[in-house]
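A note on names: the letters A, B, ... follow the listed sequences, proteins ahead of strands, and every chain is numbered from 1.
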There are 2 protein chains.
Amino acid sequence: MSKRKIRNMAEFATVSGISRPTVSKYFNDPGSVRETIRARIEAALEQHDYRPNIYAMNQNRRLTKNIGIVVPYLADPFFAEIARRIERRCIDAGFSPTLFSAHGSPDLETGILDSLRSLKPAGVFLAPLGRASDRAQVESFCRDVPTVLFDSNLDGIGDVFVGHDNLQAVGLIIDYLCRTGAPPCFFEMPPLNPNANKRREAYHRAMERLGHTPQVIRVPGDSWEFESIGYRGGLEVIDSGQLATNTVLCSNDRLAVGFLAAAYERRLRVGHGPDCALRVAGHDDHPFSRFTCPPLTTVAQDYDSIADQSAEILFRQIEDGSRAETRQDVLFEGKLIMRSSA
Amino acid sequence: MSKRKIRNMAEFATVSGISRPTVSKYFNDPGSVRETIRARIEAALEQHDYRPNIYAMNQNRRLTKNIGIVVPYLADPFFAEIARRIERRCIDAGFSPTLFSAHGSPDLETGILDSLRSLKPAGVFLAPLGRASDRAQVESFCRDVPTVLFDSNLDGIGDVFVGHDNLQAVGLIIDYLCRTGAPPCFFEMPPLNPNANKRREAYHRAMERLGHTPQVIRVPGDSWEFESIGYRGGLEVIDSGQLATNTVLCSNDRLAVGFLAAAYERRLRVGHGPDCALRVAGHDDHPFSRFTCPPLTTVAQDYDSIADQSAEILFRQIEDGSRAETRQDVLFEGKLIMRSSA
DNA sequence: ATCAAAATTTTACGCGCGTCAAAAATCAAG
DNA sequence: CTTGATTTTTGACGCGCGTAAAATTTTGAT
C-alpha cells in the first residue's frame, strides 16, 4: 500500500500517470480502454486502493448503475428472502442495489420513493404496500423511473408486474384438500394487499366449481404481525366453535403459523393422519414453513422465477432504454408442497 | 401544483424569491431562518413540490445526516427485527438510515463498508459477520467512521460495543433448567460469531458451578440456514442416541426451531409436562419463537435496550463529534422467557 | 428617527465525478 | 516511413448542493 490515501479520482489519475477522463472511462467499463492503459491503472490500483465515490459517480451520469429495491415489510421472512434474491441478481449484473423497507407505513413508502429519485436509479423493484399505498405517488414515480412492480399488483400502475398466480395456486391446493378430506374453510385477516383479495376470490371460485359451500372466516388485525393475528384469531375461532369443517386453508403461511400455535395450545392435533383433529394449510411456502410442527402443507410461490424474471425484465428495459408500450403482467404458477399438516 | 417541475435548489430559490444559500439553510434547519422567510419558502413548497437531492446534499457537508446500518444476514428474523428498530430510531432522530446486509459473505461485507465510505455517513451501526469478517477492513473502517458495533463483538475494534450478556443469560436459563429437571446438554453448530463461543463457554462454566458434567453436541453446518442445520443435526443426534439427557439447550432459537421439527418428526413429545420425552430451550427469543409448537422457552435478548442504547450512544458521539477515548462495552441482561417447551 | 444586532443576499468556490470537443498521441496497416 | 483510424489527453463545463466572507438589508429596541 501507499504512503497517503488517495482522496479522489484526480489524485489517483496523477499517481497512476493517466488522465482523469481515461480513468473515469476505465471505471465505467474496464474493457473500453487500451490494454496497456488498463494494466497501468490496475497496477496503480493495487498500490493505492482507491474507489470512486459511487454517489458522486451517479451525480451527472446519463444512466446510473443504481437499483432500488423496495419492500413493504422487511421483517417478514417472505420479503427478506425475495429481497435477498433480487439483491444478489443486481450485484451479479453489476448494479448497486439499495434496499428499502416501508415498515408497513405509507408515509415511509412515499418517503422512500422520494429518496429514490435523488439516487437517480436506473431502475426500481417495487413491492408496494398495497391497499395502503399512496396510489398517486406510486403512479407518478413509475412514470419517472423504470419500475418493475412485484408481489403486490396495483392495476394500471407501472409497466410490468411480476407475481404469483393466486387464482391457479389457490385452485391447486383446494383441489388437493378436497380430494384428500373435507373441503376447507378460508382463514384470513383484513386484506393488506391485492393478493389477499385475489386469494379469497379464488377460494370462492374453486369451492363453487367443486360444488362445495364456502366458509370464509375473517379475524381482526391490522398490523404486519401475522403470526400474532393468526394465533389470536385461531384461539377465538376454535373456542367459539365457528369451524364448520376440520380443514383450514389460511390466507398465508404466517397466519397459518399463528393458527398452528393456537391449535397446539388447544390440544388439537394437526395433520392428515386419522388421529388428527384438524388439517391446516398455508400459502407462500415461506422460508420457515417446513420447520413448523407439523410441517406446513402449502402452495409455494415461485421465488426463483419471480426474482429472475423481475430482474431480467428490468435489466433489459434499462439496456435498451425503452419503456414498454403496453402494460405487461407476468404470473408464475404456485407449486403444491405436501407436508404433514394437511 | 405548478406548471413545470423544479429541477434544483437554484430554480426553487428563484420561484420562491429567496436566495439559494438561505433556502439551503432552511432545508438544513427550518428553524434557522426568519419567520417571514420560512413562511415564503413553505408557501412556495406547497406550490412546487421540490425536495433537495439528498446525495448531492451530502456531497460537501461537514457532517451528513446519513447513517449506515449493516447486518450480517437480513433474512434472519433476529436481524430483521433489530435492524427495523434501529432504523426507526434513526428516522425519528432526523437521520437517513440506509440498510445493508452482507448476506453472510465477507466479500459483500467489505464491499458494503466501501460503499459506506462514499455515503460519508455521520455514523454507522455495524453487526459484523464475526469470525468470517475481514478484521483489517473493519478496523480501518471503524477508525475512519464513528461506528457502534452491536450484536457481534470484535475485540479491540471500534469505540463501543453494545450487545447481549451471554454469560449471564446462559447462566440464567441453565439455572432454570436444572431447577426444573435434568441438566441440559448444549446443542450447537460451528460458531459463526463470538456469541456462539461465549455461549458455549458460559454453558461450561454454569454446569461446572452447579456440579454437573457438561455435554456439548456440535452438529455440522456452515451456512446461515440455522433451522435446516438444527433439523438435520437434530435427527442425527436423536437417531444415534447421543443424548445423555432429556434436556437440550440450543445455542440459539433458530437452531431450536430446527431441533423441534426433528423431534416432532421422530414423535418425541417436547415440553415440560410429565408426558413429555424431551425439553428444548433456545436463546434470543426471536420474533417467531412464541409461535413454535410447543412455544419455545428461551432467554430473550433485550432488543429494545440494545437498539436504544446503540442509537443513543452513536447519536451523542455524532453530536459532540468526539471519539471515545477508551473502548466501551455495554451489555444487557437476558430475560428468562418461560414457555412450554422446557 | 437612530443604531447596533441579526439575518439575508451576493459572490465565489468546493465536493467527486461524468461528459464533451478539440488537440495530441498511439496504433495497425500499407 | 506514411497514412488513416483509434485512443488518450487537455481543457472546460456540468450535476446539485454546502459553505464561507463580505456587503446589504431587516429587525427590534431605544
Exercise. Atom CG of N8(B) to atom C1' of dG14(D): distance rounded to whole Å?
Worked result: 11 Å

Problem set entry | N/O (side chain, T22(B)) to phosphate O (OP1/OP2, dT9(C)) under 4.0 Å | yes

Problem set entry | 5' precedence on DNA chain D between G17(A) and A56(B) (nearest-nucleotide basis) | G17(A)

Exercise. For the side chain of R20(A) and the base of dG16(C), is some donor closer than 3.5 Å to an acceptor across the two?
Worked result: no

Problem set entry | Whether F315(A) and F125(A) hold their rings parallel, tilted or perpendicular, with breakpoints at 30° and 60° | perpendicular

Problem set entry | Ring-ring centroid check Y55(A) Y55(B), cutoff 6.0 Å | yes

For this session: Applying side-chain hydrogen bond (donor to acceptor under 3.5 Å, both in side chains) between H103(B) and each of E87(A), R84(A), R88(A), report the one that passes.
Result: E87(A)

For this session: Please report, rounded to the nearest Å, how far the P atom of dC27(C) is from the CD atom of E35(A).
Result: 12 Å

Exercise. Looking across every strand, which nucleic acid part, if any, lies under 4.0 Å from Y50(B) by heavy atom: base, sugar-phosphate, or nothing?
Worked result: sugar-phosphate

Exercise. What nucleotide among dC17(D), dA7(C), dC17(C) has an atom nearest to a side-chain atom of M57(B)?
Worked result: dC17(D)

Problem set entry | Below 4.0 Å: OP1/OP2 of dG18(C) and any side-chain N or O of S24(A) | yes

Exercise. Rounded to whole angstrom units, what separation is found between the CE atom of M9(A) and the C1' atom of dG18(C)?
Worked result: 9 Å

For this session: Answer with base, sugar-phosphate or nothing: what part of the nucleic acid does R62(B) contact at a heavy-atom distance below 4.0 Å?
Result: sugar-phosphate

Exercise. Among residues 36-43 of chain A, which contact DNA chain D at a heavy-atom distance under 4.0 Å?
Worked result: I37(A)

Exercise. With ring centroids as reference points, do F27(A) and Y50(A) lie under 6.0 angstrom apart?
Worked result: yes

For this session: Decide, yes or no, whether a salt bridge links R89(A) with D304(A) under the criterion of side-chain N to carboxylate O below 4.0 Å.
Result: yes

Problem set entry | Salt bridge present between R38(A) and E35(A) (N-O < 4.0 angstrom) | yes

For this session: Take the angle between the ring planes of F12(B) and H48(B) and call it parallel below 30°, perpendicular above 60°, tilted in between.
Result: perpendicular

Exercise. Once you round it to whole Å, what is the distance between C1' of dG16(D) and CZ of F27(B)?
Worked result: 13 Å

Problem set entry | Rounded distance (Å) that lies between atom P of dG18(D) and atom OH of Y55(B) | 15 Å

For this session: Return the value, rounded to whole Å, for the distance between atom CD1 of I18(B) and atom C1' of dT9(C).
Result: 11 Å

Exercise. When you match V33(B) and P52(A) each to their closest nucleotide on DNA chain C, which lands nearer the 5' end?
Worked result: V33(B)

Problem set entry | Nearest-nucleotide 5' precedence on DNA chain C, N60(B) against K25(B) | K25(B)

Seminar exercise, completed: To the nearest angstrom, the CG-P distance between L63(A) and dG18(C) comes to 13 Å

Problem set entry | Atom-to-atom span, NZ of K65(B) to P of dG18(D) - whole angstrom | 13 Å

